[in-house]
Amino acid sequence: MFEILDKLAEYSLRWRPQKPYEPEVCARLAALVKPGWVCADVGAHRGYYTRFLASLVGPHGRIVSFEASPANTRKLRQKVLGWGFRRRVRVENLAVSDGAVPRLNIYAGRRSSNAEWNIMGRDVAGNPTEIAFTVPATSLDAYFKTDSRLDLVKMDIEGAEGLALTGMRHLLRQTQPVLVIEFHNPEAWAGRRELHNAGYTLFTTRCRVGVEF
């Protein structure tokens with residue numbers, strides 16, 4: 001555990017030590033992710049975890065960051081260049097779901113927060129919201145083909161976790177990446193059946209949120 005916390009402290013000091021963000025999750029990732037890994041950041045927003053994962057995988061690893069908001073995607077691509085991670089990070093302006101349709105409506109979050117865009121048609125409190133825009137959509141099975149490597153998936157997509165898990169059934173059974181998922185509501189939590197059916201063991205991580213990156 002001390003080794004994990006020391007590793008986390010190293011990255012925290014390199015970034016913004018006065019503003020930690022979900023330290024328990026970061027510590028778990030620091031213990032799991034190895035140099036050279038391929039990781040997916042599903043629901044990347046402005047890239048806190050994209051940057052953290054890119055630092056962990058090193059120059060021979062790769063991160064694919066999925067972000068539904070075009071504005072967030074543009075900003076994240078600029079940040080990737082500024083971080084010097086152009087060769088190891090690919091940013092995709094795509095909504096991740098079950099792959100049933102090629103495009104999806106994106107709905108506003110609470111108070112139109114760009115951190116809570118979603119495909120569910122309601123905010124995290126369950127209140128209906130209006131359509132903000134439409135974007136291309138994919139499933140992880142469709143994006144990561146049979147011969148693709150995928151070691152870890154971090155997922156935070158405002159209640160659509162169950163749909164995304166349905167859209168990666170092949171990966172869950174054949175590739176079996178490590179998964180770090182934030183489930184936002186009971187409907188999304190019901191999607192864990194996909195994990196049980198694929199033979200996964202579930203663990204919980206207490207999440208203390210600090211200031212957002």
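Just so it is clear, the values below take in all heavy atoms, side chains as well, and ignore hydrogens, waters and symmetry mates.
Atom OH in Y143 sits 7.5 Å away from atom CG in L94 (nearest 0.5 Å). From T138, atom OG1 reaches atom CZ of R103 across 13.0 Å, with rounding to the nearest 0.5 Å. How far CE of M155 is from CG of D41: 10.5 Å, rounded to the nearest 0.5 Å. In this structure, the separation between CG on L56 and CG on L32 is 9.5 Å, given to the nearest 0.5 Å. Taking OG1 of T201 as the reference point, atom CZ of F203 lies at 5.5 Å (rounded to 0.5 Å). Atom OG of residue S148 and atom CG of residue L140 lie 11.0 Å apart, to the nearest 0.5 angstrom.
Side chain of T50 to main chain of R46: no donor-acceptor pair is present (N/O by atom type, distance under 3.5 Å, no hydrogens or angles). Side-chain atoms of D141 come within 3.5 Å of backbone atoms of H170 as a donor-acceptor pair (strictly under, hydrogens ignored). Remark: the backbone N or O of W189 is paired with a side-chain donor or acceptor of R192 at under 3.5 angstrom. A donor-acceptor contact shorter than 3.5 Å links the side chain of R88 to the backbone of A54. Distance alone, capped at 3.5 Å, is enough to place a donor-acceptor pair between the R173 side chain and the R169 backbone.
Counting heavy atoms from C-beta on, the side chains of L152 and P177 never come closer than 4.5 Å. Under the 4.5 Å side-chain criterion, counting only non-hydrogen atoms from C-beta, V96 is not in contact with S139. Counting heavy atoms from C-beta on, the side chains of L179 and M168 come closer than 4.5 Å. Side-chain contact between V178 and D151 is absent, with no heavy-atom pair separated by less than 4.5 Å. Contact annotation: the side chain of Y48 approaches that of C26 to within less than 4.5 Å [non-hydrogen atoms, C-beta and beyond]. V80 has its side chain out of reach of R51: every pair of non-hydrogen atoms, C-beta onward, lies at least 4.5 Å apart. With a 4.5 Å cut-off on side-chain heavy atoms, V89 and S65 count as touching. For the pair I106 and S69, the minimum side-chain heavy-atom distance is 4.5 Å or more.
Remark: E92 engages R90 in a salt bridge, criterion side-chain N to carboxylate O under 4.0 Å.
Atom CZ of R62 has 12 or fewer heavy atoms from other residues, nucleotides or ligands within 6.0 Å. The 12-atom threshold is exceeded at CZ of R149, counting heavy atoms of other residues, nucleotides or ligands nearer than 6.0 Å. No more than 12 heavy atoms of other residues, nucleotides or ligands sit less than 6.0 Å from atom NE2 of H60.
In this model, a donor atom of one side chain and an acceptor atom of the other lie less than 3.5 Å apart for H184 and D156. Inspection of the N105 and T134 side chains reveals an N or O donor paired with an N or O acceptor under 3.5 Å.
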Exercise. Tell me, with the steps shown, if F66 and V64 meet side chain to side chain contact (heavy atoms under 4.5 Å, CB included).
Key: CA-CA 7 Å; F66 297 91; V64 182; 3.6 Å; yes
Quiz item: side chain to side chain contact (heavy atoms under 4.5 Å, CB included) between Y200 and Q176: does it pass, once the steps are laid out?
Solution: CA-CA 8 Å; Y200 276 75; Q176 296 188 321; 3.9 Å; yes
Quiz prompt | Audit row: V153, C39, side chain to side chain contact (heavy atoms under 4.5 Å, CB included) steps and yes/no | solution = CA-CA 6 Å; V153 176; C39 303; over 6 Å; no
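Checking each of T73, N72, N93 against E67 for a side-chain hydrogen bond (donor to acceptor under 3.5 Å, both in side chains) leaves exactly one that passes, namely N72. Partner of E182 under the side-chain contact (heavy atoms from CB on, under 4.5 Å) criterion, chosen from E22, E161, K154: E22.
In terms of heavy-atom proximity, H45 sits nearest to L76 at O-CD2, 4.0 Å. The minimum heavy-atom distance linking A68 with F133 is given by the pair O-CE1, 3.6 Å. Of all non-hydrogen atoms in A164 and I157, the two that sit nearest each other are CB-CD1, 3.7 Å.
Both F85 and V57 are assigned to one and the same hydrophobic cluster, defined by single-linkage of ILVMFWY side chains at heavy-atom distances under 4.5 Å.
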